[in-house]
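Down below is the structure, laid out as structure tokens.
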Amino acid sequence: MIAEVLLVLAGHSSSLFPTDHTLHPSFAPLLHPGEQQALEALGLIAFRYRKIKAALASLSRSSSRSICALCATLNSILRNEYESLVVATEAKILSRDADLVASGSFVPLSLLRATFSDWDAPLAALVSLVEELQANEHWRPGPLIDMLLMRAHTGVHRVADILSRLSVAVQRVWRTQLTAFLVHGSISNVDPLVSENYTLLDGSIPSCVSAQSQESIAYVGRAIATVKAAKWQKQLPQSLTIAHTNLLEDVLPQDQHTFDLVISQIRTNVSEWLWLNVLTQRDAEDAVETLANYFLLRNGEFSLAVIREIERLKLSRLTLRSGPTSMIRDQDLNLALLRASLGTSAQHDPALSRLRFSLPSGPLRPLLPSLANTVPPSHASHSASSTSGPSFDLFVSYLLGTPLNLTYNPFTTAADASKSVIMNASMANHTTWNASRVAKGLDGGLGEVRRHVEHLLLRLDFNGSFSKRRENAGQTTDILADLITLLASSVPPTPSVKNFPEYLSTNQADCNTEHRVYIEQNGSVVSPFHDIPLFADQNNGIFNMIVEVPRWTNAKMEISKEEPFNPIKQDIKKGKLRYVRNCFPHHGYIWNYGAFPQVSQFRIASTLIGSHLKSKTWEDPAQSHAETKAKGDNDPLDVCEIGEQVGYVGQVKQVKVLGIMALLDEGETDWKVIVVDVLDPLASKLNDIEDVERHLPGLIRATNEWFRIYKIPDGKPENTFAFSGEAKNKKYATEIIHECHESWRRLITGESPAKTPSYDVSIRNITIQNSPGFVRRDDPVYTSLPGDSRKPPAPIDPSGKQNVV
């Protein structure tokens, strides 16, 4: 029987278990109940193993590389671990190993059962996995990786280990496709990551990849592919492609912070190469200069002269009798353009010869104003945006009465003019300038004279302005927006934060008093006080911070402690919005000012709440600090981010702590933590407070001065600091953060009251189930939160009586 049992465990069929794992009735009377139970348990293990192997045989024929990689890895795990255990057990029995063979001749079924008991949970989890895989015929790599990572989060070590290895195998296949796209611009025919026009496909990216990295992946891949498709004379150097390949080989998307840094580095490298080799500074300056002079009316005398010459042209044609000479043609407009330049600074400008008017509808017979299809000035913008009936901009309606194209072509001969930028000449309304690409046959022998416009158009392609590789023509885009974007696009985008203004009054002047900024995660509003993780990477000491006040702004924005889910709002005093004054030589806040969020991990299971409640920050107003001798100010821990990038309200930045200062603000301890964005160019050099003075001399002194004097213009006394104004080091700052962690833990769990006569703090959250403030997503308190409703800002109070801090 033992030999039969080992055959069953190895995956063979047997008369012991005719159907599934139920023992044949004929054997039951011959066995002790304990033996029968042990035998059926072994049968269940064998049944699950056979089921997994059969499913893998079917799934391995899938066209998906990810599924095939998963099947190959799982087969390897079963062969090296489970099947080897069966062989090893058989060898021990044959060699009469004392651990299995009692008295040298008897093999207890209980010992055999114990040998394979470690596979109970793994095989059960793997059966569930293959059943889910078989239930969906078409698995995209993104959802597949997400599912494996989610299943790997289990307390059973062996199950977690196997599923983690499966997840790594699938991520490696996905990384191979990502490398091909980012390094070579190649798109796979099987499970492609992007479409033909280089937009990321649904399900191609796992959710552990941040939105910032997803946008960077699409940008870099589109750039490399477009350069290669255009057969550009300069391609990305091999040294850079090797470096990018090596960077990607050392990281997986599940390591989110490291993966984000690698993608950000690759984007920076590619953007710098594009700027040096594709769109050079000279090209950008030439194009912007010409746009400013002739499209944005910067050369005012010339622009007015053009309008006068067109009016004269219309009048001269109106006074002629009907016939060919009474028509306005392209050459008439171009002559008017040259006549308008006489006596102006444009007369000797070589760029003027590259401007050409054209009439898309052909020669035009001018009409008297009473007969033309004009629109009253007050309705011009409305008509231009309407989709019903004719729409004209000011230039078309009042100067010519028909669409008119203005072409800027930097080439001197027709043979060199392989491409051009065409602009809709709505000169009186500069926000309506459009550009379209005219693709003519490319001749591989064309020389350097083509480079200006080719560079610009190629760069615009990277920003997604033109569709589907490089063949399509006739599509329009805002040239001004693209020129601004191309100059700034080397900076990685920031995570999106939605504005959700609540307008409780229809009075526009009061709109800003009800403005709120809520923060979303995966489409759900979260509390920046309680739901956003404190640590972005706890092992490396990287924190998240919420930007409340961007650098060089004056509005006193802050997280609302009292309102549910703690939106960011502008502070109000006596019905007026509050601002800080500019204290010479400073302008507004001199850093990105904000606060630490409070939760170290997003956990739902109540069994994990105890561990992650140890990582929160809140300044307890009921406790005095031993060294400052002052109580907390009842606010989240304040943060001053000193990096070079200007943030925005509600931005979640990843930062590292450098030091801390203790402001004594009206008798309360108001800690100010000094941090730096981990993506800042100086981040690698700033590791403690003394590094700040070394690399940013004077900043700590300016910070001390700013906090001392910023209330003086409002008639209040100068603030003071503990420790004689000294900024404490990173170690001390970390200790303070941990002290505030404990204060927050007592608050969120109800040990400290959230509402007293002196303060009222909302502890509403959606992640901490054992908190008195836990709210389910179907709770009316949560579902009644306002939707995203962006509106123009309210006008500035003309009285100039806004409150200042």
Side-chain angles (χ1 to χ4, degrees), residues 63-66 138-146 171 173-230 232 236 244 248 253 256 259-260 262-264 266-271 274 278-279 434-437 439 456-479 481-486 488-496 498 520 522-523:
S63 60
S64 170
R65 295 175 181 175
S66 301
H138 305 287
W139 277 95
R140 299 286 292 153
L144 180 59
I145 293 172
D146 292 339
Q171 289 180 71
V173 173
W174 178 84
R175 184 183 62 191
T176 301
Q177 290 184 281
L178 179 69
T179 302
F181 182 55
L182 289 183
V183 176
H184 306 291
S186 303
I187 302 176
S188 172
N189 294 326
V190 180
D191 287 339
L193 300 181
V194 296
S195 62
E196 289 188 353
N197 61 348
Y198 308 117
T199 57
L200 294 177
L201 295 174
D202 291 337
S204 63
I205 305 294
S207 61
C208 55
V209 177
S210 65
Q212 171 181 332
S213 291
Q214 291 185 36
E215 200 280 337
S216 294
I217 288 169
Y219 168 85
V220 173
R222 186 191 306 125
I224 302 300
T226 307
V227 169
K228 289 199 171 186
W232 196 257
L236 204 67
H244 291 173
L248 291 169
Q256 184 175 355
F259 186 83
D260 285 351
V262 167
I263 297 299
S264 175
I266 292 175
R267 175 170 183 157
T268 301
N269 293 344
V270 171
S271 297
L274 291 172
V278 178
L279 178 67
N434 295 321
S436 64
R437 181 175 63 174
L456 284 171
L457 291 175
L458 183 62
R459 183 59 165 155
L460 291 173
D461 255 351
F462 298 161
N463 292 319
S465 304
F466 305 111
S467 67
K468 201 168 183 179
R469 304 186 187 267
R470 297 183 62 81
E471 297 89 353
N472 296 343
Q475 195 174 4
T476 60
T477 184
D478 188 340
I479 187 69
D482 279 322
L483 284 172
I484 294 170
T485 302
L486 63 88
S489 61
S490 61
V491 179
T494 51
S496 60
K498 279 195 171 183
E520 285 190 348
N522 299 328

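Heads up: numbering here begins at 1 and tracks the sequence. The figures that follow rest on heavy atoms only: side chains count, while hydrogens, waters and symmetry mates do not.
For the pair F181/V220, no side-chain contact is recorded, criterion being any heavy-atom separation below 4.5 Å from C-beta on. At a threshold of 4.5 Å between non-hydrogen side-chain atoms, the residues R65 and T176 do not count as touching. Taking 4.5 Å as the limit, some side-chain heavy atom of L248 sits within range of a side-chain heavy atom of L182. By the 4.5 Å heavy-atom criterion applied to side chains, V194 and T199 are not counted as neighbours. A 4.5 Å side-chain heavy-atom check between L274 and V227 finds at least one atom pair inside the cut-off.
Minimum interatomic distance between S188 and P192 (heavy atoms only, all atoms of both residues): O-CB, 3.2 Å. The nearest pair of heavy atoms linking T226 to Y198 is OG1-CE1, 4.3 Å. Residue G203 comes nearest to P143 through the heavy atom pair O-CD, 3.2 Å, listed as atom of the first residue, atom of the second, then distance. Of all heavy-atom pairs spanning V190 and Q177, the tightest one is O-NE2, 3.0 Å. Here the closest non-hydrogen pair linking P253 and C208 is O-SG, 3.6 Å.
Partners of D191 according to the salt bridge (charged side-chain N to carboxylate O under 4.0 Å, His left out) rule, which considers only residues two or more places apart in sequence or in another chain, are R140. In terms of the side chain to side chain contact (heavy atoms under 4.5 Å, CB included) criterion, residue partners of S186 (sequence neighbours excluded) are, by chain and number, A180, H184. Legend: residues meeting side-chain hydrogen bond (donor to acceptor under 3.5 Å, both in side chains) with S66, ordered by chain and number and at least two apart, are absent. Judged as a side-chain hydrogen bond (donor to acceptor under 3.5 Å, both in side chains), and not counting sequence neighbours, the contacts of D146 are S207. Remark: T179 engages no residue in a side-chain hydrogen bond (donor to acceptor under 3.5 Å, both in side chains) (not counting sequence neighbours).
Remark: the backbone N or O of I145 is not paired with any side-chain donor or acceptor of Q171 at under 3.5 angstrom. A distance-only check finds a donor-acceptor pair linking the side chain of S216 to the backbone of Q212 [under 3.5 Å]. For the pair W174 (side chain) and S204 (backbone), a donor-acceptor distance under 3.5 Å is present. Between the side chain of S213 and the backbone N or O of S210 there is no donor-acceptor pair closer than 3.5 Å.
A salt bridge (Lys or Arg N to Asp or Glu O under 4.0 Å) check over residues 177-189, counting only residues at least two apart or in different chains, returns nothing.
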Apply the test side-chain contact (heavy atoms from CB on, under 4.5 Å) to residues V183 and I224: give CA-CA distance (whole Å), side-chain angles for both, the deciding distance (0.1 Å), then the verdict. CA-CA 7 Å; V183 176; I224 302 300; over 6 Å; no
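In this structure, CG on D202 lies 10.0 Å from OG on S195, to the nearest 0.5 angstrom. Taken to the nearest 0.5 Å, the CD atom of E215 stands 9.0 Å off from the CG atom of L200. Atom CG in L178 sits 5.0 Å away from atom CD1 in I217 (nearest 0.5 Å).
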